[in-house]
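The structure appears below as structure tokens.
Remember, predicted model here, so these are calculated numbers, not experimental data.
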Amino acid sequence: MATQTKPILHGYFRSSCSWRVRIAFALKGVEYDQLPVNLIKDGGQQLTEEYKALNPMQQVPAVEIDGTTLSQSLAVIQYIDETRPGPRLLPADPKTRAQVRMISDLIASGIQPLQNLYVIQKIGAEKMQWSQHFIDRGFQALEPILKQTAGKYCVGDEISMADICLVPQVYNAERFKVDVGKYPTIKRLNEALLEIEAFQVSHPSRQPDTPDDLRA
């Protein structure tokens, strides 16, 4: 099903959703090209008619892969998992797989969208307090779930889509000055995952469009 043409990721260095896709490609060992979409420059390059044709929601990422264009990071990750060899990003066991999806959805639907650039631009001066409130609210739910499901990683001892979602969300939390130390399981898992090469090479500080002052 996979073709020889490299996938193209239209993303932004600091976008959580773009980072998720970069992690998935790295874990699977998939080479891909990046076409950065600057969410700030020129009023937001995602708002152009050209980009709207790729992703009608005018968000990142959009991924051109195997002759189609996909948006929504979890859909992209699951497609990569189903069409590329390498480590499974969703477990074979139905219950474990459901736990991975539950954690992924909690982050991708219940926490991250509330710090989306479009949302915090609408909030204005209160954006820091707003973001802290909703990240804390989400982490208060996520911490006890992870206490039940985690081994070395979010669900057991194998890296999964849940881990792919967790690390960018913790990065967001730190950006918005949330005290991650209040959530020891989240903190432990994040630190373990950041030791893994796929999470390092995909990091926002190491992307083609990373500004010089944020580059590692």
Side-chain angles (χ1 to χ4, degrees), residues 12-24 26-27 60-61 72-74 77-78 87-91 93 95-120 123 125-207 214 216:
Y12 182 59
F13 78 102
R14 201 156 57 184
S15 153
S16 294
C17 302
S18 301
W19 188 2
R20 293 173 198 154
V21 174
R22 296 195 302 261
I23 296 168
L27 287 168
V60 290
Q72 300 302 321
S73 62
L74 299 194
I77 291 164
Q78 290 176 77
R88 291 186 68 112
L89 305 179
L90 284 105
D93 174 70
K95 287 182 181 177
T96 311
R97 188 163 65 245
Q99 290 176 326
V100 167
R101 286 180 168 141
M102 172 181 68
I103 292 163
S104 301
D105 283 340
L106 190 157
I107 295 168
S109 299
I111 307 177
Q112 186 272 328
L114 292 157
Q115 306 103 60
N116 206 325
L117 178 64
Y118 183 82
V119 173
I120 61 173
I123 297 299
E126 300 296 314
K127 66 182 182 181
M128 184 67 75
Q129 297 94 315
W130 166 279
S131 299
Q132 288 172 347
H133 170 78
F134 284 106
I135 294 171
D136 272 321
R137 181 175 179 269
F139 278 9
Q140 286 162 15
L142 184 59
E143 176 72 15
I145 291 171
L146 290 173
K147 280 184 181 176
Q148 296 292 321
T149 63
K152 190 175 180 182
Y153 304 118
C154 284
V155 179
D157 295 325
E158 300 295 331
I159 294 173
S160 71
M161 184 167 69
D163 302 289
I164 291 172
C165 290
L166 180 70
V167 169
Q169 186 56 59
V170 176
Y171 176 86
N172 262 1
E174 290 171 343
R175 274 186 65 213
F176 288 110
K177 313 299 184 191
V178 171
D179 179 8
V180 179
K182 295 187 294 184
Y183 310 104
T185 310
I186 291 172
K187 186 172 186 289
R188 172 181 69 81
L189 293 168
N190 182 66
E191 288 173 352
L193 290 161
L194 285 174
E195 294 295 316
I196 295 165
E197 184 181 12
F199 290 81
Q200 295 173 356
V201 299
S202 59
H203 194 276
S205 64
R206 297 177 64 176
Q207 300 314 303
L214 298 176

Say you draw a straight line from [atom1] of [X] to [atom2] of [Y]; how long is it, rounded to the nearest 0.5 Å?
X: Met102; Y: Leu142; atom1: CE; atom2: CG; value: 9.0 Å
X: Leu166; Y: Ile186; atom1: CG; atom2: CD1; value: 6.5 Å
X: Arg14; Y: Asn172; atom1: CZ; atom2: CG; value: 9.0 Å
X: Cys17; Y: Asn116; atom1: SG; atom2: CG; value: 7.0 Å
X: His203; Y: Ile23; atom1: NE2; atom2: CD1; value: 9.5 Å
X: Met161; Y: Arg88; atom1: CE; atom2: CZ; value: 12.0 Å

In chain order, what residues pass the side-chain hydrogen bond (donor to acceptor under 3.5 Å, both in side chains) check against [X], with sequence neighbours excluded?
X: Lys182; value: Asp136
X: Thr96; value: Asp93
X: Ser131; value: none
X: Thr185; value: Glu143

Not counting sequence neighbours, which residues clear side-chain contact (heavy atoms from CB on, under 4.5 Å) with Phe134? List them please.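 Applying side-chain contact (heavy atoms from CB on, under 4.5 Å) to Phe134 gives Leu114, Trp130, Arg137.
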Got a sec, which residues hit side-chain contact (heavy atoms from CB on, under 4.5 Å) with Ala108, two or more places apart in sequence or on another chain?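 Ala108 satisfies side-chain contact (heavy atoms from CB on, under 4.5 Å) with Arg20, Leu74 only.
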Keeping [X] on the side-chain end and [Y] on the backbone end, is there a donor-acceptor pair under 3.5 Å?
X: Gln148; Y: Pro144; answer: no
X: Gln115; Y: Ile120; answer: no
X: Ser18; Y: Val60; answer: no

Qualifying salt bridge (Lys or Arg N to Asp or Glu O under 4.0 Å) pairs with a residue from residues 191-207, counting only residues at least two apart or across chains: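 Every pair satisfying salt bridge (Lys or Arg N to Asp or Glu O under 4.0 Å) with a residue in residues 191-207: Lys187-Glu191.
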Can you list every salt bridge (Lys or Arg N to Asp or Glu O under 4.0 Å) pair that touches residues 155-177, not counting sequence neighbours?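 For residues 155-177: none.
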For residues [X] and [Y], determine if any side-chain heavy atom of one lies less than 4.5 Å from a side-chain heavy atom of the other.
X: Ser160; Y: Leu89; value: no
X: Phe13; Y: Trp19; value: no
X: Cys154; Y: Leu189; value: yes
X: Leu106; Y: Cys165; value: no
X: Ile135; Y: Gln169; value: yes
X: Leu193; Y: Val170; value: no
X: Pro204; Y: Tyr171; value: yes

Do you know the tightest heavy-atom contact between [X] and [Y]?
X: Pro113; Y: Val119; answer: O-CG2, 3.4 Å
X: Pro168; Y: Ile164; answer: CD-O, 3.0 Å
X: Val180; Y: Ala173; answer: CG2-CB, 4.1 Å
X: Val100; Y: Ala162; answer: CG1-N, 3.6 Å

Considering only residues two or more places apart or on different chains, which pairs with a residue in residues 98-113 satisfy side chain to side chain donor-acceptor pair (under 3.5 Å)?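 Applying side chain to side chain donor-acceptor pair (under 3.5 Å) to every pair that reaches into residues 98-113, excluding sequence neighbours, yields Gln78-Arg101.
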So which pairs with a foot in residues 174-201 pass ring pair (Phe, Tyr, Trp, His ring centres under 6.0 Å), sequence neighbours left out? Phe139-Tyr183
